[in-house]
Asker: 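Sending over a structure as structure tokens; questions will come in a sec.
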Amino acid sequence: MASDSDGDEDFVSYGTPLEPLEEDEPRKKPVPLHEQTVKDEKGRFQRFHGAFTGGFSAGYYNTVGSKEGWAPATFVSSRQQKAEKQLARPEDFMDDEDLGEHGIAPAQITTSQEFSSSRRDEAREKARAVNAQAALIPGDTLLEELIAPARSSIGVELLRKMGWKEGQGVGPRVKRKARRQQTGVGARVYSSTMPPAGSEDSEDDDDDDDFAPEDVTFAPKDVTPVDFSPRSGVRGLGYRGLDPGMALLGRAAPEHIDLFKPQSETRSRLFGAAQRGSRRGGGVAGQAFGVGALEDEDEDVYHKDSMSRYDTELGGEEPGDGLYGWTAPQQYTKRRDKSKDASYLGKILEGFTLTQRAGEEKTIFPPPTLPRDYRPVHRFHLTSVSVSRLSGVSPALAEALRTSRGHMVKEEPQQGGRHQLDSGQRRALLGEDVLQGPSSVMELLKPEDRDRLLNLRNSSNATDSRHATSSALSGAASSSGLHQQQQEALASWRGVQSSTQSFKPFEKNPSKQARYELYLDRLRQGDRDAVEQSLDSGMTEWERSREREEFVRASILYRPSSSSLTARFTSAKHDEDDGDTVEVSRDQEGDVDDKQAAVKMKMFGKLTRETFEWHPDKLLCKRFNVPDPFPGSGLVGMPKVKRDKFSVFNFLTVTESRETTAPPKPPETGKRSRWDISDQKKKIKEEEEGDASLPACSSSEQQTADGTKSVDQKSSDKKSNGDEEEEEDEEESRPPMDLFKAIFASSSDEKSSSSEGESEEEEKTKEDEGKVEPQALNLFNISSSVTSSSTSVTVSTCANQQTVKAPVSSRTSSQEEFGPKLPPPSAALGSTSRPPPSEERPDNKRSREKKHKNKKQHKHKKDKKKKKHKKHKHKAKQQKKSKTEASDSSEDEEDGHVSTEELLKRLKSVQSRETW
Amino acid sequence: MARAADGNYLLSCGSDKSLKLWSVSRGTLLKTYSGHGYEVLDADGSYDNGQICSCSSDKTVILWDVATGQVARKLRGHAGKVNCVQFNEEGTVILSGSIDGTVRCWDTRSRRFEAIQVLDEATDGVSSLKVAQHELLTGSVDGRVRRYDLRMGQLHVDFISSPITCVCFSQDGQCTLSSSLDSAVRLLDKSTGEMLGEYTGHKMKGYKLDCCLSSKDTHVLSCSEDGHVYCWDLVEGSLTLKLPVGKAVVQSLSFHPTETCLLTAMEGRVQVWGAEPEETDEVVLAT
């Protein structure tokens with residue numbers, strides 16, 4: 001089309017040309033008629049019935065013409081209801097749109113005319129206009145309007161009654177001059193630039209009036225209500241758009257355009273205030289807008305717009321005409337501190353005033369001046385830390401201790417993590433044995449070379465040199481391991497407060513424990529040969545060497561909370577159990593004593609009061625009409641904290657309870673003599689067979705079980721045994737050391753130590769039959785106690801048997817536990833109150849002799865020994881058999897009977913073993 | 001057991017498994033509510049006298065309609081005898097404390113049969129509970145008075161050591177009164193838990209007996225096992241009145257919310273004691 005018009009100029013084209021068709025574009029299909037739909041504002045589909053047949057709505061719910069059609073109602077005879085038939089009102093034929101706000105008969109709750117203000121009611125007028133059209137005489141309403149009844153609203157009536165007259169203001173009468181503000185204001189001519197802010201109070205103007213009769217009062221001047229028109233658009237507060245009339249014609253804009261002065265102008269004009277300022281050029285006259293054709297001021301078309309014509313500041317004159325009347329803030333009618341207002345540069349928004357009080361001055365404190373040599377990086381001084389750690393030890397001694405370690409000094413053995421531990425410390429922690437051989441490279445060197453090296457090193461660090469040489473020379477290869485451990489123990493224990501409670505590894509052996517504690521004390525004092533001094537001089541050399549080793553190892557193992565580790569971990573109690581469970585438990589158990597005391601002293605209050613967080617149910621809060629104190633938390637009740645079901649501490653309590661209630665737990669090996677088993681329940685036996693490898697603690701448990709059992713049967717016991725058991729009982733009140741060991745110490749540690757002990761004992765016993773090692777008893781104090789307990793048990797169970805048997809069985813049990821040839825502690829051990837090992841020895845010997853006397857017993861013992869060497873399976877089987885025998889024969893006589901049978905059996909096996 | 005639903009009516013409940021509503025002024029029996037399976041231990045009326053709740057050793061709490069005498073709701077859930085029951089101020093929640101150590105909050109508005117919330121903080125049976133506005137006061141046999149503050153979401157526990165038999169709020173809501181089996185009634189400051197007064201002299205060793213404050217918070221009253229009602233001056237703590245009720249144990253007492261009028265229960269008799277005419281006791285035979 002366009003090309004057509006280009007080509008043929010003769011054509012005259014009318015109308016809008018169609019859009020040129022693209023080649024590729026598929027032809028637009030015209031929208032079919034049935035898809036041309038109309039919907040009303042509620043999204044309802046509207047059918048167009050025809051302009052004269054109902055428009056968009058016809059029929060009941062616009063059903064006319066639809067598929068359903070307009071179904072006539074089923075015929076209902078209305079004969080009966082004829083009488084009460086009502087005339088249909090026009091409203092019956094109106095739908096909600098007609099009755100809506102913009103409909104023909106708006107039906108809304110409105111203020112009745114009587115109460116309405118004089119403002120025009122558009123809707124009403126509209127309705128009236130409609131009515132007028134429909135009226136019989138068109139123009140009927142005209143007449144109505146002409147002859148309007150003198151009707152005024154209630155408010156006006158009330159005011160009239162109160163003495164108000166039209167044209168007056170509302171309020172108490174003013175005892176002042178007549179209203180003269182018109183003239184006063186009229187006299188003013190403002191400069192078009194910044195008028196002084198707030199200078200236009202009408203009162204201000206009237207101040208200089210001369211005469212005012214005293215007793216004449218005036219009504220206050222009338223005010224027009226401030227029209228607070230709702231804000232529309234997205235412009236800022238106070239902005240008024242350019243009025244085109246003002247801007248271009250300049251007529252309506254007596255001043256320069258002030259976008260930020262919306263209303264004061266118009267209002268003052270309204271009240272006949274003088275036309276301000278001379279007529280200036282058209283509002284935005286100037287380069288940008290040009291000069292209109294009708295404008296006669298063309299002289300300054302090209303003149304440069306001077307900045308003086310613009311507001312250089314935000315703000316302008318105050319609407320100071322006092323027309324705010326009663327709605328205005330008080331400040332407007334008051335005289336103002338003008339200087340203050342003037343000092344404020346900027347437009348004060350309408351409705352806002354400057355505050356009378358100045359805001360508080362913020363005092364600003366200057367930051368402290370840094371010292372000149374200040375560096376913003378902090379360095380930790382390792383040396384100072386180490387010094388603090390070594391507090392309590394004289395520096396010289398500390399030095400000496402360090403250097404005497406056999407090789408050159410490490411700065412702080414305890415300080416760091418495992419990477420800072422040297423191999424020796426790690427070994428000590430793991431409980432491994434010392435490697436034989438030189439502990440330091442230095443020891444491999446020739447003395448002169450070593451000296452040379454050391455001299456070289458001396459030049460670098462002069463402090464340690466002298467001691468280093470001596471220490472390097474001192475260590476003999478054989479003893480250096482132990483020695484080193486000693487030093488390590490010393491390093492870890494020195495300076496430690498003696499109050500720190502520690503494990504008592506030798507608790508079963510009081511004298512040994514005493515020696516150990518003495519040793520620890522010496523260690524704390526930093527004594528170098530603490531071990532030698534604390535050992536019993538009465539002991540043999542071998543014993544002492546054993547004990548020395550034990551002490552050192554124990555002191556390293558149980559060194560004060562492995563100091564480096566504890567520093568890193570807070571104790572578990574605080575970590576895990578924070579929150580509620582702790583509180584609850586405290587509530588239940590912990591503080592009860594304190595509270596009880598407080599109650600006794602009648603000190604109610606803080607001591608007896610506890611406050612917890614408690615979450616009420618949401619619904620409960622609702623029902624109580626109380627806001628939810630913890631909105632959003634799904635918690636109800638006291639906040640609970642998960643507790644580990646199988647924590648070590650639970651285990652502890654369980655075992656304790658087990659100990660007290662004494663369901664006897666069999667030892668790991670299950671090689672106890674059948675005397676012990678006789679009373680046990682079947683179930684437990686099965687259990688015992690089930691777990692072959694129980695920790696050593698179980699033996700102690702078993703022992704306690706035995707103890708309790710024996711207590712039960714004690715009536716038939718000897719007195720000595722009774723004493724023994726009592727002693728045992730008080731021992732059992734605390735879980736034995738080995739329980740802790742089993743839990744805390746690594747298993748390898750214990751195993752190695754025990755196996756070591758065994759092997760050593762074996763060697764010993766081989767070379768010297770008669771000699772007994774008290775060491776074993778000391779080291780494995782359980783074994784001693786076990787033996788004693790089993791002694792008592794056996795005695796108690798087979799009270800009718802010879803007492804001679806007792807030691808035998810006890811011995812067997814001890815052997816089962818630890819090594820094949822461990823000599824048994826004597827039966828006398830039970831009667832005496834736990835003698836020290838040195839005294840124990842002759843007892844053992846005696847028992848040996850006794851044993852030799854009774855050959856049968858001896859064999860029995862040997863049989864047991866042999867049995868130990870047998871396979872585990874076999875043992876279990878055998879034992880099961882014996883158990884079953886024992887279980888149904890709990891009677892003493894029967895027990896004895898069975899034992900003799902067994903003895904015979906074992907005798908045979910012993911003989912066979914002797915051949916071996 | 002006796003309880004003034006408000007000043008005009010009186011509820012008695014007892015081992016006859018029924019609940020009786022009496023008019024205080026006329027001394028007439030208005031209605032009997034029966035439906036419990038065992039003895040009724042406590043009852044309370046809603047603020048509008050429209051509903052009654054009662055609890056029993058049959059482990060149930062029953063909500064009654066006053067006018068019809070019908071069981072509106074039977075609430076099961078407690079594992080033991082229900083010792084005490086109380087409406088909240090608006091009658092929307094029933095709170096019941098049981099020997100199983102829990103307090104259960106039942107909704108009267110919904111048809112739910114489970115409790116809204118179960119307060120199981122007590123380690124022993126809950127013997128007494130009171131509601132005041134947004135606070136719930138419970139006394140337990142574990143010797144603790146617990147105050148649940150719904151608004152603050154806090155639980156305050158006061159240790160009294162001896163089993164609590166009865167707890168009360170003072171009328172001004174600043175103090176709590178608790179009687180315990182060590183024969184002492186203690187007035188504790190609600191906010192701090194400090195003891196403001198201790199009232200002794202009566203005998204309360206084995207029974208769960210009531211105590212209460214007078215309507216103006218001027219006196220503390222407590223039942224006693226020696227057949228008297230003891231009345232102490234609240235501030236001075238001195239015994240002002242020893243009211244002989246009978247020979248047996250005074251089981252329960254309740255003070256009129258506005259007037260000086262006391263209600264006591266003993267051995268199937270409920271007595272109303274007035275103040276001015278020396279003893280206008282009106283004996284009502286119940287159970």
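Labels below follow one simple rule: chain letters A, B, ... track the order of the sequence lines, proteins then strands, and each chain is numbered from 1.
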Asker: Count the heavy-atom pairs under 4.5 Å between each of B:D158, B:L155, B:D107, B:L196 and chain A, then report the option with the highest count.
Answerer: B:L155

Asker: Tell me, for B:L95 versus chain A, whether the close heavy atoms (under 4.5 Å) come from the side chain, the backbone, both or neither.
Answerer: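 For B:L95, the side chain is the part near chain A, not the backbone.
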
Asker: Quick one: does any side-chain atom of B:T200 pair with a main-chain N or O of B:A184 as donor and acceptor, under 3.5 Å?
Answerer: no

Asker: Could you look at B:L188 and say if it's the side chain, the backbone, both or neither that has a heavy atom under 4.5 Å from chain A?
Answerer: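 Just the side chain, heavy atoms under 4.5 Å.
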
Asker: Counting only heavy atoms not in A:F630, do more than 12 sit closer than 6.0 Å to its CZ atom?
Answerer: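 Yes, the 6.0 Å shell around CZ holds more than 12 heavy atoms from other groups.
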
Asker: Please state whether the side chain, the backbone, both or neither of B:I116 comes within less than 4.5 Å of a heavy atom of chain A.
Answerer: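 For B:I116, the contact with chain A is made by backbone and side chain together.
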
Asker: Evaluate side chain to side chain donor-acceptor pair (under 3.5 Å) for B:S98 paired with B:R104, printing each intermediate quantity in order.
Answerer: CA-CA 8 Å; B:S98 161; B:R104 280 168 201 264; over 6 Å; no

Asker: Side chain, backbone, both or neither: which part of B:D142 has a heavy atom under 4.5 Å from chain A?
Answerer: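 Contact with chain A involves no heavy atom of B:D142 at all.
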
Asker: Does B:E121 come within less than 4.0 Å of B:R144, counting only side-chain N to carboxylate O?
Answerer: no

Asker: Which region of B:E90, side chain (C-beta onward) or backbone (N, CA, C, O), has a non-hydrogen atom less than 4.5 Å from a non-hydrogen atom of chain A, or is it both or neither?
Answerer: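 Contact with chain A: side chain only.
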
Asker: Nearest 0.5 angstrom please: B:Q171 CD to B:D217 CG, how far?
Answerer: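 Rounded to the nearest 0.5 Å, the CD-CG separation comes out at 5.0 Å.
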
Asker: Between B:V131 and chain A, with a heavy-atom cut-off of 4.5 Å, which part of the residue counts as in contact: side chain, backbone, both or neither?
Answerer: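 It is the side chain, since no backbone atom gets that close.
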
Asker: May I ask you to name which of B:H156, B:H134, B:M195, B:E89 has the most heavy-atom pairs under 4.5 Å with chain A?
Answerer: B:H156

Asker: Any salt bridge between B:E225 and B:K205, counting N to O under 4.0 Å?
Answerer: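 No, this pair does not count.
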
